[in-house]
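These notes concern the structure reproduced below.
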Amino acid sequence: MGEQPVLLITGASSGIGAATARAAAHDYRLVLGARSEDKLTALAQELGGAEHAIGVRCDVTEFADNERICTAAIEAFGRLDAVFANAGFGATRGFLESDPEHWRSMVLTNVLGVAHTIRATLPGLLEQGHGHYLITGSVAGRRALPGSLYSASKWAVTAIGEALRAELRTMHENHRIRVTLIEPGMVDTAFFDQRPGPDRALHDDDIARAVIYALSQPERVDVNEILIRPSSQPT
């Protein structure tokens with residue numbers, strides 16, 4: 001039990017984050033972060049309780065919350081092996097459509113939140129010399145969507161992943177902390193105000209399996225990007 005690795009997941013209370021927690025529960029102890037404490041508590045109990053999974057309220061836009069969840073991981077399990085920076089949400093397309101305050105919250109969560117999570121956890125991973133970052137990007141982070149500030153935020157996430165890998169390899173001369181961008185197309189989750197339906201979109205556990213695939217590779221293998229579209233999605 002003491003040697004079982006530890007995976008920290010932000011945005012863990014629902015959707016891709018919760019599905020990944022369930023998929024990883026057999027092989028990892030879990031530190032689950034999100035703003036919804038009641039959902040986190042229920043999920044942690046479902047996955048075995050305090051010996052196997054803990055929930056920590058974490059608003060990734062607040063750096064102190066990121067520090068707190070990192071500290072909680074070490075206090076509960078004595079180590080941290082992988083970090084899935086997954087928290088994020090979208091906005092209606094069209095620069096005349098979404099409320100500017102919604103934009104502000106989205107950009108802070110999708111972009112600054114990822115940077116906060118990295119900043120809080122990187123010192124520990126560098127000290128131990130190994131680890132794995134997984135970051136939820138998007139197909140929208142590879143092509144600009146009409147009127148989509150969300151797309152712009154995910155382009156930034158793509159850049160963060162590449163910048164982190166380059167920093168590790170050059171500035172820190174570290175080859176054992178891996179970085180994987182997980183880039184889903186349309187997923188049938190509550191991310192959408194009107195859900196696309198399971199026949200037209202990926203399921204959240206499809207993305208969870210991609211995360212587990214990246215995590216399960218030998219240390220010599222750094223899966224840089226996993227782009228996943230539903231078979232019905234043309235671009």
Side-chain angles (χ1 to χ4, degrees), residues 3 5-12 16-17 20 24 27-28 31 33 58 60-74 77-88 106-144 149-184 207 210-228:
E3 296 305 311
V6 176
L7 169 62
L8 185 156
I9 304 173
T10 64
I16 291 169
T20 301
D27 297 314
Y28 286 83
V31 181
C58 181
V60 295
T61 68
E62 299 292 337
F63 183 61
D65 280 15
N66 290 271
E67 290 184 305
R68 182 165 56 249
I69 193 172
C70 182
T71 298
I74 301 302
F77 300 129
R79 59 191 290 176
L80 181 59
D81 300 276
V83 178
F84 185 20
N86 170 68
M106 179 187 69
V107 171
L108 288 174
T109 300
N110 293 5
V111 182
L112 184 63
V114 172
H116 277 169
T117 300
I118 293 168
R119 177 64 182 84
T121 56
L122 185 57
L125 294 191
L126 283 171
E127 183 177 355
Q128 72 184 16
H130 64 87
H132 198 153
Y133 282 101
L134 304 107
I135 304 171
T136 299
S138 174
V139 169
R142 297 171 63 98
R143 61 188 184 89
L149 187 62
Y150 169 77
S151 179
S153 76
K154 289 300 185 179
W155 277 71
V157 169
T158 300
I160 288 172
E162 290 299 316
L164 175 59
R165 183 182 301 107
E167 175 179 349
L168 288 165
R169 304 296 177 260
T170 59
M171 296 169 65
H172 302 295
E173 297 184 353
N174 179 291
H175 298 163
R176 296 186 64 208
I177 299 175
R178 300 181 289 181
V179 182
T180 303
L181 279 164
I182 305 291
E183 300 166 313
I207 312 307
V211 173
I212 299 303
Y213 168 79
L215 284 168
S216 66
Q217 297 308 297
E219 283 193 358
R220 66 180 179 275
V221 178
D222 189 9
V223 180
N224 296 166
E225 296 180 80
I226 304 181
L227 172 63
I228 315 163

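Computed from a prediction, not measured in an experiment: that's the story for all the values here.
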Check whether Asn174 reaches the backbone of Arg176 with its side chain - one donor and one acceptor, N or O, closer than 3.5 Å. yes
Listing, residues 151-161 side-chain donor-acceptor contacts under 3.5 Å, not counting sequence neighbours, or none:
{"unit_1": "Ser151", "atom_1": "OG", "unit_2": "Ala140", "atom_2": "O", "d": "2.6"}
{"unit_1": "Ser151", "atom_1": "OG", "unit_2": "Arg143", "atom_2": "O", "d": "3.2"}
{"unit_1": "Ser151", "atom_1": "OG", "unit_2": "Leu145", "atom_2": "N", "d": "3.4"}
{"unit_1": "Ser153", "atom_1": "OG", "unit_2": "Asn110", "atom_2": "ND2", "d": "3.1"}
{"unit_1": "Ser153", "atom_1": "OG", "unit_2": "Tyr150", "atom_2": "O", "d": "2.6"}
{"unit_1": "Lys154", "atom_1": "NZ", "unit_2": "Thr136", "atom_2": "O", "d": "2.9"}
{"unit_1": "Trp155", "atom_1": "NE1", "unit_2": "Ala140", "atom_2": "O", "d": "3.2"}
{"unit_1": "Trp155", "atom_1": "NE1", "unit_2": "Arg143", "atom_2": "O", "d": "3.4"}
{"unit_1": "Thr158", "atom_1": "OG1", "unit_2": "Gly141", "atom_2": "O", "d": "3.2"}
{"unit_1": "Thr158", "atom_1": "OG1", "unit_2": "Lys154", "atom_2": "O", "d": "3.1"}

Do the side chain of Thr109 and the main chain of Met106 share a donor and acceptor less than 3.5 angstrom apart? no
Rounded to the nearest 0.5 Å, what separates atom CZ in Phe84 from atom CD1 in Ile182? 6.0 Å
Separation between NE2 of His132 and CG of Asp222, rounded to the nearest 0.5 Å: 6.5 Å
What residues, two or more places apart in sequence or in another chain, satisfy side-chain contact (heavy atoms from CB on, under 4.5 Å) together with Val6? Arg29, Val31, Phe77, Arg79, Leu80, Asp81
Rounded distance [0.5 Å steps], CG in Leu164 versus CE in Met171: 10.5 Å
Phe63: which residues meet the ring pair (Phe, Tyr, Trp, His ring centres under 6.0 Å) condition with it, sequence neighbours left out? His116
Run the numbers on Thr61 and Leu112 for side chain to side chain contact (heavy atoms under 4.5 Å, CB included), then give the verdict. CA-CA 6 Å; Thr61 68; Leu112 184 63; 5.6 Å; no
For Glu225, give me all partners under side-chain hydrogen bond (donor to acceptor under 3.5 Å, both in side chains), at least two apart in sequence or on another chain. Arg142
Are Tyr213 and Val223 packed together at the side-chain level, in the sense that at least one heavy-atom pair is separated by less than 4.5 angstrom? yes
Treating Thr180 as the side-chain partner and Leu134 as the backbone partner, does any N or O pair qualify as donor plus acceptor under 3.5 Å? no
Compare every heavy atom of Gly137 with every heavy atom of Pro184, then report the nearest pair and how far apart it is. CD-O, 3.5 Å
Gly33 versus Cys58, closest heavy-atom pair with distance: CA-CB, 4.2 Å
Correct closest heavy-atom pair for Ile177 and Tyr133 would be CG2-CD1, 3.9 Å
Any side-chain heavy atom of Val83 within less than 4.5 Å of one from Ile118? no
Could you tabulate the donor-acceptor pairs under 3.5 Å formed by side-chain atoms of residues 64-73, not counting sequence neighbours?
{"unit_1": "Asp65", "atom_1": "OD1", "unit_2": "Arg68", "atom_2": "NH2", "d": "2.4"}
{"unit_1": "Asp65", "atom_1": "OD2", "unit_2": "Asp59", "atom_2": "N", "d": "2.9"}
{"unit_1": "Asn66", "atom_1": "OD1", "unit_2": "Thr117", "atom_2": "N", "d": "3.4"}
{"unit_1": "Asn66", "atom_1": "OD1", "unit_2": "Thr117", "atom_2": "OG1", "d": "2.8"}
{"unit_1": "Asn66", "atom_1": "ND2", "unit_2": "Val60", "atom_2": "O", "d": "3.0"}
{"unit_1": "Asn66", "atom_1": "ND2", "unit_2": "Glu62", "atom_2": "O", "d": "3.0"}
{"unit_1": "Thr71", "atom_1": "OG1", "unit_2": "Glu67", "atom_2": "O", "d": "3.0"}

Give, for atom CG of Asp27 and atom CG of Leu215, the distance between the pair rounded to the nearest 0.5 Å. 9.5 Å
So, do Val211 and Ile226 sit near enough that their side-chain heavy atoms are less than 4.5 Å apart? no
Nearest-0.5 Å distance that lies between atom CD1 in Ile135 and atom CD in Glu183: 10.5 Å
Spatial distance of atom CG (Asn86) from atom CD1 (Ile207) [nearest 0.5 Å]: 10.0 Å
Quick one: side-chain hydrogen bond (donor to acceptor under 3.5 Å, both in side chains) partners of Glu162, sequence neighbours excluded? Arg165
Please assess His130 against Glu219 for the test side-chain hydrogen bond (donor to acceptor under 3.5 Å, both in side chains), listing each intermediate value before the final yes or no. CA-CA 9 Å; His130 64 87; Glu219 283 193 358; 5.2 Å; no
